[in-house]
Novice: 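First the structure, which I've put down as structure tokens, then a few questions once you've had a look.
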Amino acid sequence: MNHNGAPVEGKQRHVILDALRGFALLGICMANYPEFSLYSFLESAPKTLFPTAVIDTVAQWFLYIFIDGKFYTIFSLLFGIGFSIILENNRKRGANGTLIFYRRMFFLLLIGFAHLILIWSGDILMLYALVGMTLPLFLRCKDKTLLIWAFIFLAVPVVIDYICQFTGVYLSKRLVEWQWLLCDRFGITEENFAYWLADAKSYHDMHNFLLMGAVERMQEFVDGNRYFKVLGLFLIGFWLGRNRVFARLEEFRPLLKGISLWGLLVGLPLSAIYAWSAMKGKPFGFGTHSLFYFISVYLTSFGYISLFSLLYLKYKESRFWQIMAFPGRMALTNYIGQSVMGVLIFYGVGLGIGAQVGLIYGEMIALTVFIFEIAFSSGWLQFFRFGPLEWIWRCLTYLRIFSPI
């Protein structure tokens with residue numbers, strides 16, 4: 001038996017999956033750059049002083065309705081599909097797909113840890129790796145069982161949030177205490193919190209904030225019950241991959257039409273309610289806010305994926321799909337690259353314009369960064385088979401050096 005296996009070759013790739021990854025990267029960039037620009041850290045008063053204050057409010061509504069939660073949902077589903085592809089690809093070669101997958105997750109964990117500690121506190125890769133390690137437990141589940149478990153994991157956060165709301169128990173209390181202990185140690189206060197990274201003139205100062213931010217990130221995962229959500233989405237993605245839905249889109253056209261129609265007709269109005277709750281400070285409590293998230297984000301996300309797939313079927317020869325697939329084929333490199341560019345643009349170790357521009361300018365920068373990633377990925381893939389980080393990850397996963405060209 002070949003225990004090392006091999007990655008998916010270019011000729012085996014499905015353009016729709018790479019294009020969806022590119023689409024997800026665009027939304028993730030738009031969702032993350034309000035934090036990179038430090039706009040999300042500012043209090044209400046400084047935000048009103050920006051010349052773009054009015055349009056920033058409109059942009060905030062837009063982000064909550066059309067972006068927030070939707071694209072990380074798509075990214076997570078694609079991760080689950082990738083898991084099924086790894087297993088199938090290596091099973092055909094007679095390799096141990098589960099062992100390869102665990103190695104892949106281990107090295108993703110290391111990459112995510114480095115990203116979290118050294119570059120940006122908003123990393124998602126560590127969580128993906130840790131949650132991903134539980135997926136082999138579901139290998140023998142039938143399709144129906146997979147989907148039942150997925151629904152349970154997606155719904156559990158709503159139940160937890162209502163319990164916490166009514167009992168007054170806050171699961172992240174200890175993490176908040178640790179966060180502020182680190183703040184006291186480094187001299188980070190409520191007054192300089194929003195400006196620390198923009199004012200930091202040395203990497204040492206930036207790194208101190210990142211260490212504190214890593215604890216805050218753990219708090220966000222606990223408060224958002226993110227591990228349950230990610231696992232539920234992974235399982236749906238695994239079901240999609242196992243049934244090769246991405247390779248049989250024409251067969252699923254009627255289902256895709258129904259999901260896109262009802263997902264968007266129902267999901268987007270509900271997303272407006274979710275946006276109102278977020279903008280008004282969750283007036284009905286975080287349990288109800290969590291319910292708004294549950295019924296709006298997933299419907300809208302599935303609607304996006306279905307509509308995207310239908311457009312692909314109708315305009316398959318369009319150059320658009322290849323353009324979106326370029327960054328999608330280098331998703332890991334581009335995800336980390338978005339962080340590196342965010343640091344260089346907004347933090348004091350770079351241009352230091354963080355906390356000085358309104359939300360709309362931050363989003364314009366995000367779009368520019370994504371356009372740059374399309375151009376960079378297109379150029380890179382003219383000469384190389386994998387993105388730089390993808391190549392390193394594959395070599396570590398399969399324990400051998402692959403030709404990069």
Side-chain angles (χ1 to χ4, degrees), residues 4-25 27-28 71-93 95-112 123-139 141 143 146 150 229-249 301-302 305 308-309 324-336 377 385-387 389-398 402:
N4 290 337
V8 174
E9 298 295 335
K11 63 184 179 181
Q12 297 172 293
R13 302 189 72 97
H14 293 272
V15 173
I16 181 61
L17 293 182
D18 289 328
L20 268 171
R21 286 190 190 94
F23 183 54
L25 282 168
I28 287 170
F71 289 86
Y72 116 81
T73 294
I74 298 173
F75 213 50
S76 300
L77 285 172
L78 290 166
F79 189 97
I81 293 174
F83 171 48
S84 69
I85 291 175
I86 290 172
L87 285 177
E88 181 64 16
N89 182 49
N90 289 290
R91 182 189 64 79
K92 290 178 178 178
R93 288 181 166 88
N96 187 333
T98 304
L99 177 61
I100 291 168
F101 179 75
Y102 275 125
R103 280 206 303 264
R104 191 166 177 80
M105 292 303 96
F106 173 73
F107 289 115
L108 182 64
L109 180 67
L110 296 184
I111 294 169
D123 174 75
I124 194 69
L125 300 178
M126 276 189 67
L127 182 65
Y128 275 14
L130 291 170
V131 173
M133 289 179 183
T134 69
L135 285 175
L137 298 174
F138 299 89
L139 277 175
C141 289
D143 286 347
L146 270 181
K229 296 174 182 176
V230 167
L231 181 53
L233 294 169
F234 280 1
L235 292 178
I236 295 175
F238 179 53
W239 176 85
L240 291 169
R242 173 195 277 181
N243 290 279
R244 295 181 57 79
V245 173
F246 54 87
R248 301 161 54 203
L249 290 178
S301 301
F302 300 151
I305 294 171
F308 195 89
S309 300
M324 293 301 290
F326 285 133
R329 288 178 60 186
M330 294 171 47
L332 178 61
T333 296
N334 284 315
Y335 174 74
I336 301 292
S377 301
R385 296 163 64 200
F386 311 113
L389 290 183
E390 284 74 16
W391 179 76
I392 293 171
W393 193 18
R394 278 165 169 75
C395 290
L396 292 171
T397 296
Y398 294 96
F402 291 94

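The structure presented is a predicted model; accordingly, all values stated were derived computationally and were not measured. Computed over heavy atoms, backbone and side chain alike; hydrogens, waters and symmetry mates excluded. For the single chain, residues carry numbers from 1 onward in sequence order.
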Novice: Hey, what do you get for CZ (Arg394) to CZ (Phe386), rounding to the nearest 0.5 Å?
Specialist: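 Answer rounded to 0.5 Å: 5.0 Å.
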
Novice: Over all heavy atoms of both residues, which pair between Met105 and Ala129 is shortest? Give the atoms and the distance, please.
Specialist: O-CB, 3.3 Å

Novice: So, for Thr397 and Arg103, which heavy atoms are closest and what is the spacing to 0.1 Å?
Specialist: O-NE, 2.6 Å

Novice: Determine the sole option in Ile305, Leu17, Asp18 for which the side chain to side chain contact (heavy atoms under 4.5 Å, CB included) test with Leu78 is passed.
Specialist: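 Checked Ile305, Leu17, Asp18 against Leu78; only one passes side chain to side chain contact (heavy atoms under 4.5 Å, CB included): Leu17.
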
Novice: Step by step, would you call Phe107 with Ile392 a side chain to side chain contact (heavy atoms under 4.5 Å, CB included)?
Specialist: CA-CA 10 Å; Phe107 289 115; Ile392 293 171; over 6 Å; no

Novice: Distance from Ile74 atom CD1 to Phe302 atom CZ, nearest 0.5 Å?
Specialist: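 Spacing of CD1 (Ile74) from CZ (Phe302) equals 9.5 Å.
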
Novice: With sequence neighbours left out, which residue pairs that include part of residues 71-81 fulfil the side chain to side chain donor-acceptor pair (under 3.5 Å) condition?
Specialist: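 Qualifying pairs, neighbours excluded: Ser76-Tyr128.
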
Novice: Check whether any side-chain N or O of Tyr335 sits under 3.5 Å from a backbone N or O of Leu25 as a donor-acceptor pair, and report yes or no.
Specialist: no

Novice: Once you round to the nearest 0.5 Å, how far does CE of Met126 lie from CG of Leu108?
Specialist: 10.0 Å

Novice: Does the pair Thr333 and Trp393 meet the rule for a side chain to side chain contact (heavy atoms under 4.5 Å, CB included), with working shown?
Specialist: CA-CA 10 Å; Thr333 296; Trp393 193 18; over 6 Å; no

Novice: Quick one: do Asn334 and Phe326 satisfy side chain to side chain contact (heavy atoms under 4.5 Å, CB included)? Show the steps, please.
Specialist: CA-CA 10 Å; Asn334 284 315; Phe326 285 133; over 6 Å; no

Novice: Which heavy-atom pair separates Pro327 from Gly22 by the least distance, and what is that distance?
Specialist: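 The pair with the smallest heavy-atom distance is CG-CA, 4.2 Å.
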
Novice: Between side-chain atoms of residues 230-242 and protein atoms elsewhere (two or more places apart, or another chain), which donor-acceptor pairs fall under 3.5 Å?
Specialist:
{"unit_1": "Arg242", "atom_1": "NH1", "unit_2": "Cys141", "atom_2": "O", "d": "2.8"}
{"unit_1": "Arg242", "atom_1": "NH1", "unit_2": "Asp143", "atom_2": "OD1", "d": "2.8"}
{"unit_1": "Arg242", "atom_1": "NH2", "unit_2": "Leu139", "atom_2": "O", "d": "3.1"}
{"unit_1": "Arg242", "atom_1": "NH2", "unit_2": "Cys141", "atom_2": "O", "d": "2.9"}

Novice: For the CE atom of Met324 and the OG atom of Ser377, what is their distance to the nearest 0.5 Å?
Specialist: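 Rounded to the nearest 0.5 Å, the CE-OG separation comes to 11.0 Å.
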
Novice: Could you tell me whether Arg385 sits above the aromatic face of Trp391, with NZ or CZ closer than 6.0 angstrom to the six-membered ring centre and within 45 degrees of the axis?
Specialist: no

Novice: Which value, rounded to the nearest 0.5 Å, describes the distance between Thr134 atom OG1 and Leu137 atom CG?
Specialist: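 These two atoms lie 6.0 Å from each other.
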
Novice: Is there a side-chain contact between Phe101 and Leu135 (heavy atoms, below 4.5 Å)?
Specialist: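 Yes. Closest side-chain heavy atoms under 4.5 Å.
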
Novice: Just so I know, are the side chains of Leu332 and Leu125 near enough to count as touching, which here means a heavy-atom distance under 4.5 Å?
Specialist: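 In contact.
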
Novice: Report yes if the side chains of Arg244 and His14 come closer than 4.5 Å at any heavy-atom pair, otherwise no.
Specialist: yes

Novice: Does any non-hydrogen side-chain atom of Phe246 lie less than 4.5 Å from one of Ser309?
Specialist: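 They are not in side-chain contact.
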
Novice: Kindly indicate whether the side chain of Leu110, heavy atoms from C-beta on, has any atom under 4.5 Å from the side chain of Leu396.
Specialist: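 Side chain of Leu110 against side chain of Leu396, heavy atoms only: no contact under 4.5 Å found.
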
Novice: In Å and rounded to the nearest 0.5 Å, what is the CZ to CZ distance from Arg21 to Arg329?
Specialist: 11.0 Å

Novice: Of all heavy-atom pairs between Leu146 and Phe138, which one has the smallest distance, and what is that distance?
Specialist: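 Shortest heavy-atom contact: CD2-CB, 3.9 Å.
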
Novice: Looking only at non-hydrogen atoms, find the nearest pair between Ala24 and Phe75 and report the distance.
Specialist: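 Minimum heavy-atom separation between Ala24 and Phe75: CB-CD1, 3.7 Å.
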
